[in-house]
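Take a look at the structure set out below.
Heavy atoms only: backbone and side chains are in, while hydrogens, waters and symmetry mates are out. Owing to the predicted nature of the structure, the values given are computational and were not obtained by experimental measurement. Note that the numbering runs from 1 along the sequence shown for the chain. Just so you know, ligand 1 is whichever comes first in the structure, and atom 1 is the first atom listed for that ligand.
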Amino acid sequence: MPVYILGIESSCDDTAAAVIANDVILSNIAANQDIHASYGGVVPELASRAHQQNIIPVIHTALQRANIGKNQLSAVAYTRGPGLLGSLLVGASFSKAFSMGLGIPLIEVNHLQAHILAHFIRNENRSNPVPSFPFLCLTVSGGHTQIVIVKDHFDMHIIGQTIDDAAGETFDKAAKIMGLPYPGGPEVDKLAKEGDQSRFSFSKPIIPGLDFSFSGLKTSILYFLRDRLKEDENFIEKNKADLCASIQHTILDILLSKLEKAAQETGIPEIAIAGGVSANSGLRSRLEALKYSKGWKVYIPPLAYTTDNAAMIAVTGYFKFLNKDFANQSDAPYARSAF
Ligand code: KG4
Ligand code: ZN
């Protein structure tokens, strides 16, 4: 009998549930919260209210699609943090009640570890390659930018991270300045495909070691556009694609130069990317190219496992279940953390 785990993710603005049989996903459901688009960003109070409304139907659908009754579940795994506290509380409270009601173990999951462990989800015939230890993972999301050495499923060390803004935040802020809808990352990605990446250049930070900084780039985009708009109020409209391509190119240069440095310093040629920004088509194709030029083994997650999802929580839950690493009812969600 396989281990069936229900994974629940509610750290930000996606209410998500997935069912896994060992390391193979049976269902992966998410309800996105459109309400935030009109505010140009996630409004925490509205996010937790929407989680309250979505959580039961989303879990119901996940179980139904997996064709699994709740009494067949071996455990329930939930995102404990980091994230928005009000959002996390909804998933945590539901999971605690559900595990207690069913008399099955509760498993708490770190959202950032889960983004990385999504690489260990197997397809139906288990033919997809998974990274071997140790590997390097560039985790790039709306709230985090990290280079992690992954020595084992739960033996991870951050060797570089942003000292200010995250890469996803930079995509989103640049998009907002250009008047693009939220979330900006996918919009910039789409427009960048038709643009000239060498048309505009933006300054890149000089940060020692493997750390990143994006706040200077954000400011330089802001000032650049402010000055150009003084000369031509339609400047953004006329140059949207070239602006997106140039901004995306700069962000990717910053990310990839540190990833190359990390690979060189550690001598680790197994390279993975994870998190929402790993959905970026430019990042994915540049990494594919580095596979050949650097002789790396590269792991790029399927799009469904890049942005926030519950499949990654379920697979992390599976590995914790094997370790009998169970949580307590008294564990409180946390807004910030390393691992
Ligand atoms: O991992 P994620 O879904 O949530 C967090 O844990 O933060 O990441 C969301 C971030 C957002 O900043 C979003 O704009 C960005 O990922 N993102 C992208 C793309 N798709 C999502 N950024 C660039 N290109 C994309 N295609
Ligand atoms: Zn995330």
Side-chain angles (χ1 to χ4, degrees), residues 7-16 18 28 30-33 36-37 40-42 44 47 78-84 87-88 91 109-119 137-146 148 161-162 165-178 180-193 195 197 214 217-218 244-256 272-287 300-313 315-316 334-337 339:
I8 297 175
E9 153 65 31
S10 72
S11 65
C12 190
D13 61 339
D14 295 293
T15 320
N28 187 28
N32 302 103
Q33 303 179 358
H36 306 288
V42 177
Y78 74 99
T79 306
R80 185 177 172 194
L84 301 170
S87 291
L88 290 164
V109 171
N110 178 293
H111 181 88
L112 295 167
Q113 280 192 338
H115 268 302
I116 297 173
L117 294 178
H119 282 283
C137 188
L138 173 71
T139 308
V140 268
S141 70
H144 296 86
T145 301
Q146 304 175 332
V148 181
Q161 59 190 321
T162 183
D165 298 337
E169 208 175 342
T170 312
F171 269 105
D172 295 341
K173 282 189 181 152
K176 197 170 181 178
I177 299 169
M178 289 188 282
L180 300 174
Y182 179 86
E187 293 291 325
V188 172
D189 188 359
K190 201 162 65 189
L191 285 162
K193 286 182 187 144
Q197 65 184 32
F214 287 101
L217 172 62
K218 202 181 62 192
C244 287
S246 303
I247 290 167
Q248 176 170 302
H249 187 67
T250 311
I251 295 172
L252 300 187
D253 275 351
I254 296 171
L255 292 173
L256 291 171
I273 52 173
V277 179
S278 70
N280 184 269
S281 59
L283 177 59
R284 295 165 83 90
S285 61
R286 282 180 68 173
L287 206 64
I300 299 172
L303 282 175
Y305 305 145
T306 54
T307 48
D308 288 349
N309 64 87
M312 67 187 197
I313 307 303
V315 76
T316 307
Y334 48 81
R336 306 180 153 271
S337 88
F339 28 77

Item checked: Nearest protein heavy atom with distance in Å, relative to atom 24 (N) of ligand 1 -> N280 ND2, 3.0 Å
Note to self: For the 3.5 Å polar cut-off, considering only N or O atoms, please tell me whether G276 and ligand 1 meet it.
What the structure shows: yes
Check: For the Zn ion (ligand 2), what is the closest N, O or S atom on D308?
Finding: OD1
Margin query: One pair to check against side-chain hydrogen bond (donor to acceptor under 3.5 Å, both in side chains): N110 and S337. What are the steps and the verdict?
Written below: CA-CA 9 Å; N110 178 293; S337 88; 3.2 Å; yes
Check: Is G275 in polar range of ligand 1, meaning some N or O pair under 3.5 Å apart?
Finding: no
Next item on the list: Report the nearest protein non-hydrogen atom to atom 26 (N) of ligand 1: residue, atom name, distance rounded to 0.1 Å.
Entry: D189 OD2, 2.9 Å
Note to self: Side chain, backbone, both or neither: which applies to H144 and ligand 1 if a contact is any heavy-atom pair less than 4.0 Å apart?
What the structure shows: neither
Notebook entry, point to check: Is it the case that Q146 and T139 place a side-chain donor and acceptor less than 3.5 Å from each other?
Noted result: no
Check: Is a donor on one side and an acceptor on the other found under 3.5 Å between the side chain of N309 and the backbone of A311?
Finding: yes
Check: Do any N or O atoms from the side chain of T170 and from the backbone of A166 form a donor-acceptor pair under 3.5 angstrom?
Finding: yes
Item checked: Atoms of ligand 1 close to H115 [distance to a heavy atom under 4.0 angstrom, numbered from 1] -> 1 (O), 6 (O)
Check: What heavy-atom pair brings H115 and G275 nearest, and what distance separates the two atoms?
Finding: ND1-CA, 3.5 Å
Checklist line | Within-cut-off N or O pair, S281 and ligand 1, under 3.5 Å | finding: no
Check: Is the backbone N or O of A167 less than 3.5 Å from a side-chain atom of T145, with the two atoms forming a donor-acceptor pair by type?
Finding: yes
Notebook entry, point to check: Nearest non-hydrogen atom to atom 12 (O) of ligand 1 belongs to which of D172, L252, N309, L112?
Noted result: D172
Checklist line | Short side-chain to backbone donor-acceptor contact, S10 and G91, under 3.5 Å | finding: yes
Notebook entry, point to check: Quick one: does D189's side chain have a donor or acceptor within less than 3.5 Å of a partner on S281's backbone?
Noted result: yes
Note to self: At less than 2.8 Å, would any N/O/S atom of H111, backbone or side chain, sit next to the Zn ion (ligand 2)?
What the structure shows: yes
Check: Quick one: which ligand 1 atoms are inside 4.0 Å of a heavy atom on G143?
Finding: 7 (O)
Margin query: With no hydrogens and no angle check, just 3.5 Å: does a side-chain donor-acceptor pair link Q161 and H144?
Written below: no
Notebook entry, point to check: Under 4.0 angstrom from ligand 1, any heavy atom of C12?
Noted result: no
Next item on the list: Mind checking the CG-OG1 spacing from L88 to T79? Nearest 0.5 Å is all I need.
Entry: 7.0 Å
Next item on the list: Answer yes or no for K190: is there a heavy-atom contact with ligand 1 below 4.0 Å?
Entry: no
Next item on the list: Using modelled atom types only, decide if a donor and an acceptor are shared between the side chain of R284 and the backbone of S278 within a distance under 3.5 Å.
Entry: yes
Margin query: Quick check on the Zn ion (ligand 2): does H115 put an N/O/S atom closer than 2.8 Å to it?
Written below: yes
Check: What are the atoms of ligand 1, with element, lying closer than 4.0 Å to any heavy atom of G168?
Finding: 12 (O)
Note to self: Less than 4.0 angstrom from a charged side-chain N to a carboxylate O is my criterion; do R286 and D253 meet it?
What the structure shows: yes
Margin query: Heavy-atom distances under 4.0 Å decide this one: backbone, side chain, both or neither, for T307 against ligand 1?
Written below: both
Next item on the list: Could you tell me whether Q248 approaches ligand 1 through its side chain, its backbone, both or neither, with non-hydrogen atoms closer than 4.0 Å?
Entry: neither
Notebook entry, point to check: How far is atom 3 (O) of ligand 1 from its nearest protein heavy atom, and which residue and atom is that?
Noted result: D308 N, 2.9 Å
Margin query: Heavy atom to atom 25 (C) of ligand 1, shortest distance: which of S278, G142, S141, G185 holds it?
Written below: G185
